[in-house]
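The structure appears right after this line, and notes come after that.
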Amino acid sequence: MRARPSVAHALAWTGFGTALALAAQSPVPASSLALGAAIVVAVGALALVVPVRAAPARQAAVAVLLALGWAVSLAVSALVSVEPERLALLSIVVAPMAMHVRATLAAVDEAPALAPAVRIAPTLLALAAGAALVAASGALGLPLHVPLALLAALLAAAAPLLLTTPVDAHRAEPPRPAPLGRTWALLAIGAAGAVAVVALRPALSALGGVEPQPAGPTALALAIGALLGPPLARLGELLPASVAVPTLATVAGAAALAAPVARPGLADLLAAVVLGIGAAALVALAELARRAGLRLSPGQLALLALAGAAGAGVAALLLTAVPLTDVVLGAAIACLVAGLGAWAPGSRERVAA
């Protein structure tokens, strides 16, 4: 019975990846990208903590149906008038994504056997597949309606699987999140910088280009993160936790410094490879934390999302007076500071414990 929600998870997140890749290709100003990211991430944070009594599979189905309804409405409007700027509205699927994350955490609490199929690595791989679909569509010169139709088909295929998943009457108590102490500050700084970098990366991909195509580099970075993360976690297990965790955090933070050099062409691909290595380090950190019995509750995830929204909001304000590359560099430096902060004695003791 675990195959059904596993397939639904893969289909849903491939659809989410398609939606976000399409939104990233919308020709809107960089300040609008940052401000939009701040808004949708803040809404996603609220979606993580809204009290829901339904079973996890039903919660996930509602999230997918909400995303499907929004995608279909945009697809129908595109039939009347194709305006690429409207694609930015697809970023609103971040809220259903957050709902899906919360439902997935609850589902794993009830059925641990589901965990391998819904961990961060396979989820990133599904996002990469969605971005790759958009990149392939652009490379083939297909009209906008094609990726929109694929998006709707993916979400439409996931919803019935979730709605027909048997509901387990037994509700397991979720594990208690571990206290993070001073590590919270580092996580908040890293989240603020990371969201700003991710939000503004499509604008960097458009600098000097006629028709920006950030979907390809995005798919490459996500795929590298998904495929390289688990092996890095296994390698990290061979080292003391007080060394492995700060090292991976530093790699993740330093990789963000590649974002400001992204330009259309080879530079974009090289930056994507480096960012993918950073994503792999984050996946490895999450895997090491899971194996150590540590996890973040939906409330804690919501706080980090709000920190990320604040980072994107600050970036939007700075863009009124500071060049785009400098703003992205500042966000990348924030990521690096968070990574280097993991070497602080207090943080290392927390990790070792």
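On a predicted model such as this, the values are computed, not experimentally measured, just so you know.
- To the nearest 0.5 Å, atoms CG (Leu66) and CD1 (Ile92) are separated by 11.5 Å.
- With hydrogens and angles ignored, the 3.5 Å screen pairs no side-chain donor or acceptor of Arg201 with any backbone N or O of Ala196.
- Atom CG of residue Leu127 and atom OG1 of residue Thr18 lie 9.0 Å apart, to the nearest 0.5 angstrom.
- Note: Ile333 CD1 to Ile189 CD1 = 13.0 Å, rounded to the nearest 0.5 Å.
- Taking a cutoff of 4.0 Å between a charged side-chain nitrogen and a carboxylate oxygen, Glu287 and Arg290 qualify as a salt bridge.
- Panel note: side chain Thr250, backbone Pro246; a donor-acceptor pair is recorded below 3.5 Å.
- Under a hydrophobic-cluster definition in which Ile, Leu, Val, Met, Phe, Trp and Tyr are linked whenever side-chain heavy atoms come within less than 4.5 Å, directly or via other members, Val198 and Val283 are assigned to different clusters.
- Looking only at side-chain heavy atoms (C-beta outward), Leu155 and Phe16 come within less than 4.5 Å of each other.
- The structure places CD of Gln25 at 8.5 Å from OG1 of Thr218, a figure rounded to the nearest 0.5 Å.
- Note: Trp13 and His100 have perpendicular aromatic rings, judged against thresholds of 30 and 60 degrees for the angle between ring planes.
- Closest heavy-atom contact between Ala128 and Leu222: CB-CB, 3.6 Å.
- Side-chain N or O atoms of Arg4 include none that pairs as donor or acceptor with a backbone N or O of Leu161 at under 3.5 Å.
- Counting only heavy atoms from C-beta outward, the side chains of Leu200 and Leu319 approach each other to under 4.5 Å.
- Once rounded to the nearest 0.5 Å, the distance linking CG of Leu144 with CG of Leu22 reads 6.5 Å.
- Between the CZ atom of Arg119 and the CG atom of Leu124 there is a distance of 14.0 Å, given to the nearest 0.5 Å.
- Contact of the Val274 side chain with the Leu257 side chain is not registered, since no non-hydrogen atoms from C-beta on lie closer than 4.5 Å.
- Here the shortest heavy-atom pairing between Gly193 and Ala334 reads CA-CB, 4.2 Å.
- Closest heavy-atom contact between Ala158 and Ala8: CB-O, 3.6 Å.
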